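Letters A, B, ... are given to chains in the order of the sequence lines, protein chains preceding strands, and every chain is numbered from 1. The structure displayed is predicted, hence computed values, not measured ones.
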Amino acid sequence: MTLELSHLHRRYAGFAALDDVSLCIEPGEFLALLGPSGSGKTTLLRILAGLDYPDSGSVRQNDRDLLAVDARERKVGLVFQHYALFRHLTVSENVAFGLRIRPRKSRPGRAEINERVERLLKRVQLDDLGKRYTSQLSGGQRQRVALARALAVEPDLLLLDEPFGALDAQVRVALRRWLRNLHEELGLTSVFVTHDQEEALELADRVAVMNRGRIEQIGTPEAIYQQPATPFVCEFIGKNNRIPLQRANGVLTGGQRQLGADPWPGNAVGSAIGYVRPEHLLVSSTPSTDGWAAQLRHIYLAGGVAHLELDVPALGQVLEADMSSDEVAQRGLQPGQSLVVQPRLITAFPLDARGAADAAARHVLQPQAAS
Amino acid sequence: MGHKRRRVLPGFGISLGYALTYLGLIVLLPLAALVWKASALDFSGWLQLLSAPRTLAALKLSFGGALIAALFNAVAGLLVTWVLVRYRFPGRRLFDALVDLPFALPTAVAGIALTAIYAPNGWLGQYLLPLGIKIAYAPAGVLVAMIFVGFPYVVRTLQPVLETLDRDVEEAAESLGATRLQTFVRVIVPALLPTLLTGFALALARAVGEYGSVIFIAGNIPLRSEIAPLLIVQKLEQFDYAGAAALGTVMLGFSLVLLVAIALLQRWSGRWAERAA
Amino acid sequence: MSGLHATRPLSWRHRLLRGTLIALVMVFMAVLVLLPLAAVFIEALSKGVAAFMDVLAQPETVSSIKLTLLVAVLAVPLNLVFGVAAAWAMTRFEFRGKALLGAFIDLPFSVSPVVAGLVYVLLFGAQGWFGPWLSDHGVTIIFAVPGLVLATVFITLPFVARELISLMQAQGSEEEEAARTLGASGWQMFFRVTLPNIRWALLYGVLLCNARAMGEFGAVSVVSGHIRGLTTTMPLEVEMRYNEYDYMGAFAVASLLGLLALLTLVVKALLEWRYGDELAARATRGH
C-alpha cells in the first residue's frame, strides 16, 4: 500500500507547521522524518494517524482518501513519544485493548486474544511482565509495551513519535537495533519521527529531512550524508565547514585561491557558499601553493578519529579536518605546526543579492589537487 | 482554509452544548433576572436606597470587615502555610487536615459555635468581657466569623506554590551572603506575592458575601453590626423586591470585579511559574 | 517531595524561632478551628446523651435529615454530569470563549449565597419572571423542594467541574488519542480510558460538592420559607431551634452536620493520601 501525501499545508496560530509537503511512502519501507523541533515532523505524523488534519492537501492510500477515514478506522498503529499507556490497566490489558473493544462480530475469542497478547509480549521480550502495571516498568519496557499495543491491532502502517526520545543513551542504542530487526521480520510500513540524525541514518531505509514545515531532502541515508541537497541539510547532517566563496570573471575563488570555473550561468559577480566535510579536507605538512596556509591549533583525539582545528588566515576562520589517530601519530603532528589545507570536495550554492542561497543551483566542486 | 477543521476526539458538540445550556439555565438566566429586577428601580430609587444610613452602614461593614478579615488571613495564612510546609512536628498532618474545616463545616454550625465561644457568657467571652473586649453581638464578631470562613483560602492557595518553590534559590541567596530575614523578604515573599494576593482575593470574595456564620454572632444591630446580605433578606421579607435586587446587583458587581482580579492574578502567577521553570 | 534537605545543625536562635512559630500556629488554629468544633459537640451533649438522642428522634429533626439527603441526592448528580461535560469540553478542545466559560463556572463560588437564593426568588417567586405562569399551572418552586434543589445546585456547581478541569488538563489527551487509534468508539474511550483515569478525582469532587450541598445555609434559607417539616433542611433546622432559644437542640442537629464535616475531611485526607497522584490538588503539587 503506497501512501501518497500531496501538498499538505497546516498552520497553527500564525506559524506554518507544514508548508506544501508532498511525500510518497512505499510499501514495507522504514522512513524517518528528521528535523529540529518545530520543523513539522510530529504534525505530519499526527496527520497520518488521523489525530490532526491539514488545512489543504491530500493523503491517499491506493486511491483511497485517507483524510476521510476516522482515526479509529485507519488501521494505523501509533507509538506516542511518552507512550500514552493506559495507567489503570496491566501490561497484558494494555496490549489486549485494541482487540477487546472490537464489536462482537469481529472480536476474536477470549482465548485467542490471550494467545495473541502472549505472542506479542514474547516478541517484545516482556512475556514475564504481563501482570504488572505500567507504572512499575522502566522506560525501555514501557516503550515496548506501547509497541506491542500498537501491533496488536495488526495495523497497515506503524508510526513512532520519537521512539527513543525518553530513554537513556545505552538503552537507546540497544533498542534501536532491536527495532530495526523487528521491522525486517514484520515487513510493516513504518514511519518514525526523530531529531537525532544518528538514529535516523542508522535505522531508516529513507530519511526525510524537515525544516520549517518543508521537506528539505528525501533519500537514502547515504544520499543524505554524501549529497546534501540544501544548505540546511549541509549544516544539519554531520559536520561541515562553511566557507564563503566569490564569483568573478567566470572563476570561483575562496580564501584568495581559485577553486575552479564558475559553474553557474551568467557572468555574474557575486558570492556563494561552500560546504566541506572535515574528512574532505586534505592536510599536508609540506609547504605548497596548492592550498590554504594554516596553523594547527589543537588536536582533539576521539578514539580512532582525530579532529584537527586549523586556523586559516586567508579565510579568516577556523576549519576542522578529520584524519585517523594513527595518521596523526605517524606524521607526528603537533599543535602550532604550519600546514597546508586543500578542500577535495565542496558542495556549493550561489547566493543572491540578499544573501539567500539557491538550493536548486547546487553544484559539487572537486578542486584539482597539485595541478 | 480549504478543509473544514475536524475535531479528533468525539463529543465536542454534546459536551459543550450541555455545559453551556446548564450554565445558562442555572447561573446566567437567574443572574439576568436579578439585573433586570434591579433596573426596575429608577435613579431616585437607587439614590434613596444607597444613601440610606442603614444601607451605607451595612455595605461598609460587609466590605470593610471583609477587607480587614482578608488582610488578617493573608498574614496568618502565610505563617500557617510556612510552618506546615517547612517544619516537621508532631501533629502536623492533623493541623494540615484541620485547615479545611471551615470549608467543610456548614456555616450555620460555625455561626452558632462561634457565638457559643464569644458570647458574653461564652467559653472565651466571659473572660474577654471584663477586659472590655466584646466580640459577639458587635462588629468584632462579624470579623471573627469572616476570618473563620476565609482562612482556608489563603493556606490552600499558597501551599502548593510554597511546596514547589525551589530550595536552591534560597540556598543560592544564602550562599551569596543574605541573612535568613533578607532571604525571606527579598526572595521568598516576591515569589509568593501573586499567589498570596490570589488567596487574599478569594478570602475577600468569600467574606463579603458570607451570611450563615455571621448572622448568629453579629447580633444584627442596625447601623452597627448588620451585614449587607442580611439587609437583602430583610428587604425580601418586606416584599421590597426591587430594593433586594438592587443590593444584590451591587454585591454581584463586586463579585465580578473580584473574579476578574483573581483571573488576572492567576495569569500573573502562572507567568511566574513559567519563568521559574 | 517536600521533604527537608539534608538537615544541617541549627543554631539555638533558629531553633527558638522555629519552636515559637510552630507554637503560635498551633495555638492560633486551636482557637480558630478546633475550639468551635469542640463547642458543637460539647454543647450538643450538655444535657446528657438521653436529651441529645431525644432531639434526634423528634419528627422535625427526622424530616430535616430526610430533606437534606433528598436535596443532596438530586443536586449532586446534576452537578456531577455537568462537571464531566464541562471538563471534557474545556480540556479536550480549543474554542473561542473558553476562558470566559471557565470564569462563569467559577462564578458561583464568589457570589454571596444570599444573592444565589435571591435570583431564584426573582425568577420563580410570585413577583418573578415566571411566577405568574408557574402559579397558573400549579407549580411551586419557591418555598418548596425544587427551589431548595435549584439554590443548592447553583452554590455547588463548580466543585466537580473544577476538580476535573485541573486534573484532565494535567493528564492531557494522549491516552484518549491512543484509544482512538486502537479503534475505540467514543463511549468505549470514555468508559474504558477517561473514566478510570478520573474516578478518584470525580469522587473527590463529589465529596466536596456533597458536603457543601448538605451544609448550605444562606441560599437555601432565602428560598425555603422555613416551613417546618416541609422545607427545612438540617442547617435551617439548626437556625430555627436556635432562634427559638432551643440551644441544646440546635447544637444537637448541628453536631450531625459537624460529624458530616469531619467524615468529609477524613475521606478527603484518605483520598489525598492514597490516590494523591490522581487528584488535581496533588497532580499540580510536588510533581
Does some side-chain heavy atom of [Y] sit less than 4.5 Å from a side-chain heavy atom of [X]?
| X | Y | result |
| --- | --- | --- |
| B:L105 | C:L257 | no |
| C:F104 | B:L31 | no |
| C:I42 | B:W123 | yes |
| C:P36 | B:I117 | yes |
| C:Y120 | B:I26 | yes |
| B:I232 | C:V222 | no |
| C:R180 | B:V8 | no |
| C:V119 | B:L252 | no |

Over all atoms of both residues, closest heavy-atom pair of [X] and [Y]:
| X | Y | answer |
| --- | --- | --- |
| B:P10 | C:G186 | CG-CA, 3.7 Å |
| B:K37 | C:Q127 | NZ-O, 3.1 Å |
| C:P113 | B:G209 | CD-O, 3.3 Å |
| C:F93 | B:L9 | CE2-O, 3.2 Å |
| B:R88 | C:R18 | O-NH2, 3.4 Å |
| C:G215 | B:P106 | O-CB, 3.4 Å |

Taking side chain as everything from C-beta outward and backbone as N, CA, C, O, which of these in [X] sits under 4.5 Å from a heavy atom of chain C? Side chain, backbone, both or neither.
| X | result |
| --- | --- |
| B:A263 | neither |
| B:A32 | both |
| B:V99 | both |
| B:Y22 | side chain |
| B:L124 | side chain |
| B:L204 | neither |
| B:L247 | neither |
| B:A244 | both |
| B:P152 | neither |
| B:L162 | neither |

Counting only heavy atoms not in C:L259, do more than 12 fall under 6.0 Å of its CG?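 More than 12 heavy atoms, drawn from other residues, nucleotides or ligands, come within 6.0 Å of this atom.
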For B:F239, does the CZ atom sit with more than 12 other heavy atoms under 6.0 Å from it, leaving out its own atoms?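 No - once you tally the heavy atoms of other residues, nucleotides and ligands closer than 6.0 Å, there are 12 at most.
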B:R7 side chain to C:E94 main-chain N or O, any donor-acceptor pair under 3.5 Å?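 Yes, B:R7 side chain to C:E94 backbone: donor-acceptor pair under 3.5 Å.
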Could you measure the distance from the [atom1] atom of [X] to the [atom2] atom of [Y]? Nearest 0.5 Å is fine.
| X | Y | atom1 | atom2 | value |
| --- | --- | --- | --- | --- |
| C:E43 | B:I112 | CD | CD1 | 8.5 Å |
| C:M26 | B:F95 | CE | CZ | 4.5 Å |
| B:Y118 | C:L35 | OH | CG | 6.5 Å |
| B:R86 | C:I22 | CZ | CD1 | 13.5 Å |
| B:L258 | C:S110 | CG | OG | 7.0 Å |
| C:M29 | B:L98 | CE | CG | 5.0 Å |

Let me know if [X] has heavy atoms under 4.5 Å from chain B in its side chain, its backbone, both or neither.
| X | result |
| --- | --- |
| C:V115 | side chain |
| C:L157 | side chain |
| C:L21 | both |
| C:V238 | side chain |
| C:N79 | both |
| C:P108 | side chain |
| C:V81 | both |
| C:I105 | both |
| C:M90 | neither |
| C:F130 | side chain |
| C:S221 | side chain |

What option among B:Y18, B:Y211, B:W36 has the most heavy-atom pairs under 4.5 Å with chain C?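 Of the options given, most contacts go to B:W36.
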Among B:I262, B:L202, B:L256, B:L23, who wins on heavy-atom pairs under 4.5 Å with chain C?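 When all of B:I262, B:L202, B:L256, B:L23 are compared, B:L23 has the most.
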For chain B, the option from [options] that forms the most heavy-atom pairs under 4.5 Å:
| options | result |
| --- | --- |
| C:A99, C:G125, C:A89 | C:A89 |
| C:W129, C:F82, C:F190, C:W88 | C:W129 |
| C:V121, C:V253, C:L24, C:V114 | C:V114 |
| C:L150, C:N243, C:L123 | C:L123 |
| C:L262, C:T264, C:V153 | C:V153 |
| C:W187, C:F217, C:F124 | C:F217 |

Evaluate side-chain contact (heavy atoms from CB on, under 4.5 Å) for C:E239 paired with B:F216, printing each intermediate quantity in order. CA-CA 9 Å; C:E239 181 200 20; B:F216 293 98; 3.8 Å; yes
Before we go on, tell me: are the rings of C:F28 and B:F151 under 6.0 Å apart, centre to centre?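 Judged by ring-centre distance (under 6.0 Å), C:F28 and B:F151 do meet the cut-off.
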Just to verify, which of C:V40, C:L256, C:L260 counts as forming a side chain to side chain contact (heavy atoms under 4.5 Å, CB included) with B:V109?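 For B:V109, the side chain to side chain contact (heavy atoms under 4.5 Å, CB included) test succeeds with only one of C:V40, C:L256, C:L260, which is C:V40.
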